[in-house]
Q: 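One structure follows; several queries about it will come next.
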2 protein chains.
Amino acid sequence: MELQEAKDRFIHTWGTLATQWGINRTMSQIHALLLLSPKSLNADEIMEELQISRGNVNMNLRDLMSWGLIYKQLLPGERKEYFHAEKDIWKAARQIGRERRRRELSPILETMEEIKKGVSDNSPESAEFLKVVDDIYAVAGFADNTLELVTKAEESWLTSTFMKMFK
Amino acid sequence: MELQEAKDRFIHTWGTLATQWGINRTMSQIHALLLLSPKSLNADEIMEELQISRGNVNMNLRDLMSWGLIYKQLLPGERKEYFHAEKDIWKAARQIGRERRRRELSPILETMEEIKKGVSDNSPESAEFLKVVDDIYAVAGFADNTLELVTKAEESWLTSTFMKMFK
DNA sequence: GAAAACTTTCAGAATATTTTGAAAATTCAA
DNA sequence: TTGAATTTTCAAAATATTCTGAAAGTTTTC
């Protein structure tokens, strides 16, 4: 297999996998492209490489920055903005964990708390309902704590101490 | 707040949150409805409650069964099929973890392995590319192991031993 | 084995999301 | 300033996903 072919396959596959867990295909492909690119790329280069429109590139670059997965770079003597990915994959993974906590788990925890507050009577039916809400709260909290633990850990710690737990 | 109102809010919110992490809204709402329902429900009751079509109900019930989150039940003397949710939320959460490993992490691991195999030459460019692929493989493997650990654990163990790690 | 009761399928409709591309806004050099 | 270079926005188009409802399929009863 040609190296370029393998890279293209990687970029393509990455985009496909992403859609499966609710992430925009183009965003993943841009991320993959930047992950593999030794040098920073500008919007035109990304447009050309992935054959997508300027607006699409712009929007997804901003999205990727909001996830903390890529950085904007201003090259001396260049007007255009250049972008490069966080190359430390462990760091990137921790960043994704952090964002998913914030975007997915926090809303669950908040909503469950609000719903709990709203149910004031103490009928058996209410108790039963509150049990479900409480349980979901506990599970979400557990997931949140686990992710926090993992995302705050250093890679070195993860690959040594924590990994031993899986033997 | 009326109890029914709280339940409706729960079902509605659950559906909205789900879309945020790539899960069908109706599927989540059916799941929420069954979670809160003390008795098993049949397709007609779900249609009525959530105001959705028969086809939609049927498809999402099957989907929920494939996730192992609900069960089909045949009530004596009844022709219709009834459905009820796994009420042990910890068990349900472990089930989701198991499925996500299978559906999301396994494909990443497989793809990265295949891509690695495909790159045979040992130029510096290939080495650089393989580094990225290897790193992603390692991170996905770590996530897979962590999820395996957590999904195989018993609730009692989770809430006691493992939880202490977060103090 | 025929009819009734129920479930499943699936083509087309409805809805939601993503993408485009051109216009508007911004930035920067002269 | 001006205007060329660049980025951002956003309405409309393209695409993808979800939902409907009626027809086809299946199961059960008589």
Side-chain angles (χ1 to χ4, degrees), chain A residues 11-34 40-67 69-84 103-104, chain B residues 11-34 40-67 69-84 103-104:
Chain A
I11 291 170
H12 179 266
T13 311
W14 202 239
T16 307
L17 289 174
T19 55
Q20 295 207 304
W21 48 294
I23 285 186
N24 181 294
R25 195 175 78 242
T26 304
M27 182 169 141
S28 304
Q29 289 186 337
I30 294 178
H31 184 225
L33 176 63
L34 291 176
S40 298
L41 301 178
N42 62 42
D44 289 287
E45 290 167 330
I46 296 170
M47 285 169 66
E48 167 64 20
E49 194 74 45
L50 302 179
Q51 291 293 308
I52 54 179
S53 72
R54 184 175 302 285
N56 198 2
V57 168
N58 184 271
M59 184 183 150
N60 283 294
L61 283 174
R62 265 188 305 121
D63 227 341
L64 281 167
M65 281 193 288
S66 86
W67 275 86
L69 296 174
I70 67 169
Y71 308 110
K72 189 185 280 188
Q73 198 177 26
L74 293 171
L75 296 185
E78 285 269 15
R79 280 288 289 282
K80 291 180 178 169
E81 297 176 328
Y82 282 75
F83 299 88
H84 63 279
R103 297 173 192 223
E104 294 168 12
Chain B
I11 291 169
H12 179 265
T13 312
W14 202 239
T16 306
L17 289 175
T19 55
Q20 294 207 304
W21 49 295
I23 286 186
N24 182 294
R25 194 175 78 245
T26 306
M27 182 171 142
S28 303
Q29 288 185 338
I30 293 178
H31 184 224
L33 176 62
L34 290 176
S40 297
L41 302 177
N42 62 40
D44 289 288
E45 290 168 330
I46 296 170
M47 285 169 67
E48 167 65 21
E49 193 73 45
L50 301 179
Q51 292 293 307
I52 55 181
S53 73
R54 184 175 301 284
N56 198 4
V57 167
N58 185 271
M59 183 183 152
N60 283 295
L61 283 174
R62 264 188 308 123
D63 226 341
L64 281 167
M65 281 192 288
S66 86
W67 276 86
L69 295 174
I70 66 170
Y71 309 109
K72 188 186 282 190
Q73 199 177 25
L74 294 171
L75 295 185
E78 284 270 14
R79 283 285 292 278
K80 292 181 180 171
E81 298 177 327
Y82 282 73
F83 299 87
H84 61 102
R103 297 172 192 223
E104 294 169 12

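A note on names: the letters A, B, ... follow the listed sequences, proteins ahead of strands, and every chain is numbered from 1. Computed over heavy atoms, backbone and side chain alike; hydrogens, waters and symmetry mates excluded.
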Q: Collect all protein-nucleotide pairs involving nucleotides 21-27 of chain C in which both atoms are nitrogen or oxygen and the distance is under 3.5 Å.
A:
unit_1, atom_1, unit_2, atom_2, d
C/dT27, O2, A/R79, NH2, 3.1

Q: Less than 4.0 angstrom between a side-chain N/O of B/N58 and OP1 or OP2 of C/dT8, yes or no?
A: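 Checking B/N58 against C/dT8: at least one side-chain N or O falls below 4.0 Å of OP1 or OP2.
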Q: With sequence neighbours left out, write down each residue that passes side-chain contact (heavy atoms from CB on, under 4.5 Å) with B/L74, or none if nothing qualifies.
A: B/E81
Q: So if I take residues 17-29 of chain B and measure heavy-atom distances to DNA chain D, which residues fall below 4.0 Å?
A: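 B/N24, B/T26 - these, ordered by number, are the residues of the stretch whose heavy atoms sit under 4.0 Å from the strand.
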Q: More than 12 heavy atoms of other residues, nucleotides or ligands under 6.0 Å from NE2 of B/H84: is that the case?
A: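 Above 12, so yes.
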Q: So if I take the C1' atoms of five pairs at each end of the helix from C/dG1-D/dC30 to C/dA30-D/dT1 and get each local axis, what angle do the two axes make, rounded to 10 degrees?
A: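 What I find for the helix from C/dG1-D/dC30 to C/dA30-D/dT1 is an axis angle of 20°.
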Q: Mind checking what makes salt bridge (Lys or Arg N to Asp or Glu O under 4.0 Å) contact with A/R103, not counting sequence neighbours?
A: A/E99
Q: In whole angstrom, give the distance that lies between atom CD of B/E81 and atom P of D/dT26.
A: 14 Å
Q: In chain order, what residues pass the salt bridge (Lys or Arg N to Asp or Glu O under 4.0 Å) check against B/E49, with sequence neighbours excluded?
A: none
Q: Report the distance from atom CD1 of A/I46 to atom C1' of D/dT7, rounded to the nearest whole Å.
A: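 One finds 13 Å between C1' of D/dT7 and CD1 of A/I46, rounded.
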Q: Can you check the B/M59 CE to C/dT7 P distance for me, whole Å?
A: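 Atom-to-atom, B/M59 to C/dT7, this comes out as 18 Å.
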Q: Check the distance between D/dT6's C1' and A/D44's CG and give it to me in whole angstrom.
A: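 So the two atoms are 9 Å apart, to the nearest Å.
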Q: Nearest whole angstrom, please: distance from the P of D/dT17 to the CG of B/D63.
A: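 My rounded result for the distance is 14 Å.
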Q: Please tell me if the side chains of A/I11 and A/Q29 come closer than 4.5 Å, counting only heavy atoms from C-beta onward.
A: yes
Q: Over how many whole Å does the gap from A/I52 atom CD1 to C/dT17 atom P extend?
A: 20 Å
Q: Under the salt bridge (charged side-chain N to carboxylate O under 4.0 Å, His left out) definition, can you give me all pairs with a residue in residues 52-61 of chain B, not counting sequence neighbours?
A: B/D44-B/R54
Q: Filter on side chain to side chain donor-acceptor pair (under 3.5 Å), then keep only pairs touching residues 14-24 of chain B, sequence neighbours left out; what's left?
A: none
Q: Grab the CD-P distance between A/E78 and C/dA29 for me, whole Å please.
A: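 After rounding, the reported distance stands at 12 Å.
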Q: Can you tell me how far P of C/dA4 sits from NZ of B/K80, to the nearest Å?
A: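 Nearest whole value for this atom pair: 17 Å.
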Q: If the condition is side chain to side chain donor-acceptor pair (under 3.5 Å), which residues does B/E45 pass it with, not counting sequence neighbours?
A: none
Q: In a table with atom names and distances, give each donor-acceptor pair under 3.5 Å that connects a side chain of residues 56-65 of chain B to protein atoms at least two apart or in another chain.
A:
unit_1, atom_1, unit_2, atom_2, d
B/N56, OD1, B/N60, ND2, 2.7
B/N60, ND2, B/N56, O, 3.0

Q: Under the rule for side chain to side chain donor-acceptor pair (under 3.5 Å), what residues qualify as partners of B/T26, not counting sequence neighbours?
A: none
Q: Taking only residues two or more places apart in sequence or in another chain, which ones pass salt bridge (Lys or Arg N to Asp or Glu O under 4.0 Å) with A/E48?
A: none
